[in-house]
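Predicted model, so just to flag it, every value in this text is computed and none were measured.
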Amino acid sequence: MTAQNGVFITFEGIDGSGKSTQTRLLVDYLTSLGRNVILTREPGGSVGAEEIRSLVLEGDPDRWSAETELLLFTAARRDHLERTIEPALAEGKIVICDRFVDSTRMYQGLSRGDLREKVDKLHNLMIQREPDLTILIDMDPQTGLSRAKGRQTAEERFEDFGQELQVKMRHGFLDLAQQYKNRFRIIDGGQAIEDVAHDIQLAVSDYLS
Ligand code: ADP
Ligand code: TYD
């Protein structure tokens, strides 16, 4: 499972920070430059992983323990990697992925007990791949949560853990960006959509050149 020439770009940030909006805009931008791009997401991005997505994102917040959740997210990621990400990278495509292992490092690694070491061990064992570039959309947790809650979907298990979790996740992501300085770019998500998109375009163009 080794990719040849593709570029793997991930988006991270708290719920409602604008990842889905900005991944779509980045795909449009790169496509307009003639780049071969695919957009995918986690949990999901392949048929099997999308089935696991509904298991982890719907229902009662206490439906799974943090450990079980870690195994489910990792199973979904392995399927996504085998069937979607690695083949696209091997064809030389730019793969843009809405969340990846850094979300597991945060949500399962930090949120309920300290599972970070297990997250990293399982990642090294079953996934291995790290992104080439990670765009962290940083923003105020309260605004993020109210944007996310405004969407009204069934996928609210994590949003139902509330604002305290969002605050913890925000700081966790900023710490992670320090830990993986080379691949992280921090973008201010509190701006208008077009301004956030512009900052992301600059960061990605800079990386690609
Ligand atoms: P995420 O994927 O990070 O949860 P979304 O892209 O789905 O975030 O955005 C959450 C909500 O906030 C959507 O309704 C979206 O239209 C809106 N939104 C996204 N970016 C901005 C922004 N910069 N300013 C105001 N609203 C935004
Ligand atoms: P997502 O659909 O990206 O939600 P949002 O658009 O609100 O940001 O992801 C859904 C939830 O899944 C999100 O609250 C974070 C959580 N999640 C994990 O807990 N672990 C993971 O490994 C991933 C990829 C997501």
Is [Y] reachable from [X] through a run of I, L, V, M, F, W or Y residues, each pair having side-chain heavy atoms under 4.5 Å apart?
| X | Y | value |
| --- | --- | --- |
| Y180 | I9 | no |
| F184 | L110 | yes |
| Y207 | I187 | yes |
| L89 | L133 | no |
| I85 | V204 | no |

Where is the tightest heavy-atom contact between [X] and [Y], given as atom of each residue plus distance?
| X | Y | result |
| --- | --- | --- |
| V56 | P43 | CG2-CG, 4.1 Å |
| R129 | F100 | O-CE2, 3.4 Å |
| R63 | E58 | NH1-O, 2.8 Å |
| A49 | D79 | N-OD2, 3.6 Å |
| A88 | I38 | CB-CD1, 3.7 Å |
| Q166 | P141 | CB-CB, 3.8 Å |

Flag side-chain contact, heavy atom, 4.5 Å: [X] against [Y]:
| X | Y | value |
| --- | --- | --- |
| F11 | S103 | no |
| L72 | W64 | yes |
| L26 | L39 | no |
| Q178 | D175 | no |
| H171 | V167 | yes |

How long is the straight-line distance from [atom2] of [Y] back to [atom1] of [X], given to the nearest 0.5 Å?
| X | Y | atom1 | atom2 | value |
| --- | --- | --- | --- | --- |
| M126 | L71 | CE | CG | 10.5 Å |
| N182 | T134 | CG | OG1 | 11.0 Å |
| I127 | R77 | CD1 | CZ | 6.0 Å |
| T74 | E69 | OG1 | CD | 10.5 Å |
| L115 | S65 | CG | OG | 8.5 Å |
| I137 | I186 | CD1 | CD1 | 12.0 Å |

For [Y], is there any backbone N or O sitting under 3.5 Å from a side-chain donor or acceptor partner on [X]?
| X | Y | result |
| --- | --- | --- |
| Q128 | N124 | yes |
| T84 | L81 | no |
| R99 | T10 | no |

Between [Y] and [X], is the closest basic N to carboxylate O distance under 4.0 Å?
| X | Y | answer |
| --- | --- | --- |
| D102 | R105 | yes |
| E82 | R78 | yes |
| D98 | R24 | no |
| D132 | R183 | no |

Would Y107 and F73 count as a close aromatic pair, with their ring centres under 6.0 Å? no
Please report, to 0.1 Å, the donor-acceptor pairs under 3.5 Å made by any side chain of residues 189-203, with sequence neighbours excluded.
from	atom 1	to	atom 2	distance (Å)
Q191	NE2	D188	O	2.9
Q191	NE2	D199	OD2	3.0

Heavy-atom count check: over 12 atoms from other residues, nucleotides or ligands less than 6.0 Å from E130 CD?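 It does: E130 CD has more than 12 such atoms within range.
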Check this for me: Q179, atom CD, are more than 12 non-hydrogen atoms of other residues, nucleotides or ligands nearer than 6.0 Å?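 Counting other residues, nucleotides and ligands, CD of Q179 exceeds 12 neighbours.
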What's the verdict on side chain to side chain contact (heavy atoms under 4.5 Å, CB included) for R35 and L208, showing C-alpha distance, side-chain angles and the deciding distance? CA-CA 11 Å; R35 297 283 191 153; L208 292 176; 3.9 Å; yes
Residues K19 and Q22: side-chain donor-acceptor under 3.5 angstrom: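 K19 vs Q22: no donor-acceptor pair found between side chains.
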Determine, stepwise, if the pair L136 / L174 fulfils side chain to side chain contact (heavy atoms under 4.5 Å, CB included). CA-CA 8 Å; L136 171 59; L174 289 169; 4.1 Å; yes
Going by the rule side-chain contact (heavy atoms from CB on, under 4.5 Å), which residues pair with R147 if we only count those two or more places apart in sequence or in a different chain?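 With neighbours one apart ignored, the set is M139, T143.
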From the options R116, K118, H123, select the one residue that forms a side chain to side chain donor-acceptor pair (under 3.5 Å) with D120.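 Running side chain to side chain donor-acceptor pair (under 3.5 Å) over R116, K118, H123 with D120 returns exactly one hit, R116.
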